[in-house]
Amino acid sequence: MSRQRGPRTRRTVAATAGLTLASVALVAGGAAAAPANDKPRPGDVEIQLLAFNDYHGHLEASTPGTIGTTQAGGAEYLATHLERLRQGHRNSVTVAAGDLIGGSPFLSGLFHDEPSVESLNALGLDVSGVGNHEFDEGVTELLRMQNGGCHPVDGCYFPGAPYAGADFQWLAANVRNEQTGKTPLPPYWVQKFQGANVGFIGMTLEGTDALVAQSGIQGWKFRDEVETANALVPELKKQGVEAIVVLLHEGGAQTGSYDQCDGISGPVVDIAKNLDPAIDVLLTGHTHQAYNCTIPDPAGVPRRVTSAASFGRIVSEINLTISRTTGDVRRDSVTAVNHVVSQDVPRSAAQTRIIDKWKGLADTVGNSEVGRITADIKRRYEAGGSDDRGAESDLGNMIADSQLWATQANGAQIALMNPGGLRADLLYARSGAETTDGVVTYAEAFNVQPFGNLLSTVPMTGDQLHRVLLQQCQPRYLHLGVSAGLTYDVTRQLNGRVCTPNSIEVTNMRLNGVPIDPAATYMVTVNNFLVDGGDGFTVFREVDPALRVGAGIDLDALNAYLRTRGPIAPPGTDRVNELG
């Protein structure tokens, strides 16, 4: 196999924000969903892009889940699939569209995702756009993840071999410092293939500031995706770059299978329709959905738009032909396919060594029992296998119960839990070193709540509580987990997955059977992500921060609840009455 790369590691280039970095490039999606209209011409340059997104530190094959009925994912299998796909391609680059770290299972999350980056280095990742989860621990920590160094609190996990950083380059074109206007990481990267230049622009979604803790992003703004990318096109063209690929951590959803594009909807559609026609390919993420689409650009020319689900379960392969004459992508020759990362191939020895290295540190803590359950306590799921954040779930309600229980000393009456904070299920069947069913280990509890959020109890009026529940109506409906005693009716009239302020009505709100008084005050427990207005729940920001009563870390509350109140049964999903 001949695989052309430029200078591969970020250590060989200047990584100053705002500079053009002529270095390594990108991986994206795949083979053909629509037949090419033409064949390569003499002198044309063939380039393979291999792409994935929303990796979230899913190294172990037991955590990613399925695509349909096929068990998929795991770094050991992802590495093998990537190597097989690269065979026979002279010019192959591997790229990602954000959320490579953050919200990760125990094996990676416990160590601030250093294992995830080590795995990605060994996978041969070349470049990635940032996603919202890259900012979970703030800009300073993201720069450590890029450049290396020991964690400022937990130090070095292997003192003789400090964390070395990422060999690939993260890009952050639409993240700007409010004072200097500079980006924390480069906005784009340029790679040359047999004389043909390809530029890669990396961006997170504009709404990132509503999805992460505010303390780590103070002084930074997340700008409009279309305006950012379009403004960079002339700059790239001045450097002789005509072929441009965008790595965007924003996406959509469709109703077909993983390699189709049936009824595509969501923010990606408008973004794709408004990005400069000079941009040739759009590789996306964030929604954890899989699709392989062509969406017309502003000039009416079809442009490839792909997404590879999440957790390394799919690789998008896109093959480009660049005209030697114009230096641009020949759109009529672009082909793409989404490949399932099945677990029926040999495992990568390099990835196995990485997993074993970190498991040696993790297992002592991770295998300790924290409590017991009587049955599976799970999130809700969509038909395609992704978690359904728009539905009431046993897990969401149970977490709210645990947080209410843990904050009773604060006078808490109600607790609410954001669905995006639930990252795994609690399963009854024994696993790993467990000897009996129903055991919950520290690692399993961590996988459910890996962010280390702090709990707060705040006073809210019944009117504010009502308006919070109305704010579940986001571009996609986000169903808050509710603690025992709080009930209400909801009427939803959604246009597919799209939710607008007029799409929802919340009525019959009661606490322990007593109607909620709009003028009365109630003590409500939430995590710091919600209390800061995360996920668009901005009503929480109306509460004076001085009135917050702290209650420790959410994971500690869950573990104490499991240990003290267990065995815990699924609480049911009858607290919210769906009327339509």
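On a predicted model such as this, the values are computed, not experimentally measured, just so you know.
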- Which atom names give the shortest non-hydrogen contact between Thr228 and Ala173, and what distance separates them? CG2-O, 3.5 Å

- Query: Heavy-atom count around Gln179 CD within 6.0 Å, excluding the residue itself: above 12?
  - Reply: no

- Note on the structure: With sequence neighbours left out, the residues meeting side chain to side chain contact (heavy atoms under 4.5 Å, CB included) with Leu361 are Phe111, Tyr157, Phe158, Trp358

- Item | Gln449: side chain to side chain contact (heavy atoms under 4.5 Å, CB included) partners, not counting sequence neighbours | Ile399, Gln403, Met417, Asp554, Leu558

- Query: Excluding sequence neighbours, so at least two apart, what forms side chain to side chain donor-acceptor pair (under 3.5 Å) with Arg548?
  - Reply: Asp532

- Could you give the distance from CE (Met145) to CG (Leu143), rounded to the nearest 0.5 Å? 11.5 Å

- Message: Please find the pair of heavy atoms, one from Gly390 and one from Arg492, that lie closest to each other, and give the distance.
- Response: O-NH1, 2.9 Å

- Message: Working to the nearest 0.5 angstrom, can you tell me the gap between Leu59 CG and Ser108 OG?
- Response: 6.0 Å

- Answer yes or no: is there a side-chain heavy-atom contact under 4.5 Å between Leu211 and Leu205? yes

- Message: Using the rule given for side chain to side chain contact (heavy atoms under 4.5 Å, CB included), can you reason through Val268 versus Thr287, listing the C-alpha separation, both sets of side-chain angles and the distance that settles it, and then say yes or no?
- Response: CA-CA 10 Å; Val268 71; Thr287 58; over 6 Å; no

- Query: For Val458 and Leu547, what are the C-alpha separation, side-chain angles and deciding distance, and is it a side chain to side chain contact (heavy atoms under 4.5 Å, CB included)?
  - Reply: CA-CA 6 Å; Val458 297; Leu547 299 178; over 6 Å; no

- In Å, rounded to the nearest 0.5 Å, how long is the span from CD of Glu444 to CG of Asp425? 11.0 Å

- Given Thr441 and Asn367, is the side chain to side chain donor-acceptor pair (under 3.5 Å) satisfied, shown in steps? CA-CA 6 Å; Thr441 64; Asn367 289 336; 5.6 Å; no

- What closest approach, in Å, do Leu107 and Pro115 show between heavy atoms, and which atom pair accounts for it? O-CG, 3.6 Å

- Which heavy atom of Val490 sits nearest a heavy atom of Ile504, and at what distance? CG2-CG1, 3.7 Å

- Query: Side chains of Leu511 and Ile414: does their closest heavy-atom pair fall under 4.5 Å?
  - Reply: yes

- Item | Atom pair OG/CG of Ser402 and Leu555 - distance to nearest 0.5 Å | 9.5 Å

- Note on the structure: With sequence neighbours left out, the residues meeting side chain to side chain contact (heavy atoms under 4.5 Å, CB included) with Thr436 are Arg372, Val439

- Would you list the pairs meeting salt bridge (charged side-chain N to carboxylate O under 4.0 Å, His left out) in which at least one residue belongs to residues 561-575, sequence neighbours left out? Asp401-Arg575

- Item | Leu416 vs Leu486 side-chain heavy atoms within contact, under 4.5 Å | yes

- Could you go through the side chain to side chain donor-acceptor pair (under 3.5 Å) check for Asn132 and His249 one step at a time? CA-CA 8 Å; Asn132 54 286; His249 191 72; 3.0 Å; yes

- Item | Lys/Arg-Asp/Glu bridge criterion (N-O < 4.0 Å) met for Arg476, Glu382 | yes

- Task: Can you see which heavy atom on Ser483 is nearest to which on Ala400, and at what distance?
- Result: N-CB, 3.5 Å

- Message: List the residues meeting ring-ring contact (aromatic ring centres under 6.0 Å, His included) with His288, not counting sequence neighbours, and say none if there are none.
- Response: His56, Phe311

- Task: Check the side chains of Ser503 and Tyr477 for a donor-acceptor pair under 3.5 angstrom, ignoring hydrogens and angles.
- Result: no

- Where is the tightest heavy-atom contact between His466 and Val506, given as atom of each residue plus distance? NE2-O, 3.0 Å

- Note on the structure: In short, salt bridge (charged side-chain N to carboxylate O under 4.0 Å, His left out) pairs touching residues 133-142 with sequence neighbours left out are Glu141-Arg144

- Please list, chain by chain and in numerical order, all residues satisfying side chain to side chain donor-acceptor pair (under 3.5 Å) with Asn410, sequence neighbours excluded. Thr457

- Step by step, work out the side chain to side chain contact (heavy atoms under 4.5 Å, CB included) result for Leu142 and Leu185. CA-CA 9 Å; Leu142 172 57; Leu185 293 160; 3.8 Å; yes

- Task: Applying ring-ring contact (aromatic ring centres under 6.0 Å, His included), name anything that partners Phe446, two or more places apart in sequence or on another chain.
- Result: Phe106

- Could you list the residues that satisfy side chain to side chain donor-acceptor pair (under 3.5 Å) with Asp437, not counting sequence neighbours? Arg430

- Answer yes or no: are there more than 12 heavy-atom neighbours, outside Lys357 itself, under 6.0 Å from its atom NZ? yes

- Flag side-chain contact, heavy atom, 4.5 Å: Ile314 against Phe52: no

- Message: Could you check, using the six-membered ring where one of them is a Trp, whether Trp220 and Phe222 have ring centers closer than 6.0 angstrom?
- Response: no

- Query: Does anything in residues 503-555 pair up under ring pair (Phe, Tyr, Trp, His ring centres under 6.0 Å), and if so which pairs, sequence neighbours excluded?
  - Reply: none

- Beyond-backbone contact of Asp394 with Lys378, side-chain heavy atoms, under 4.5 angstrom: no

- Query: Do Asn397 and Glu392 have side-chain atoms, one donor and one acceptor, less than 3.5 Å apart?
  - Reply: yes

- Item | Test side chain to side chain contact (heavy atoms under 4.5 Å, CB included) applied to Val175 and Thr183, step by step | CA-CA 6 Å; Val175 185; Thr183 59; 5.6 Å; no

- Query: Of all residues at least two apart in sequence or in a different chain, which pass the side chain to side chain donor-acceptor pair (under 3.5 Å) check with Gln413?
  - Reply: none

- Do His133 and Tyr55 make the cut of ring centroids closer than 6.0 angstrom? no

- Note on the structure: Output for pair (Cys473 SG, Gln493 CD), nearest 0.5 Å, gives 11.0 Å

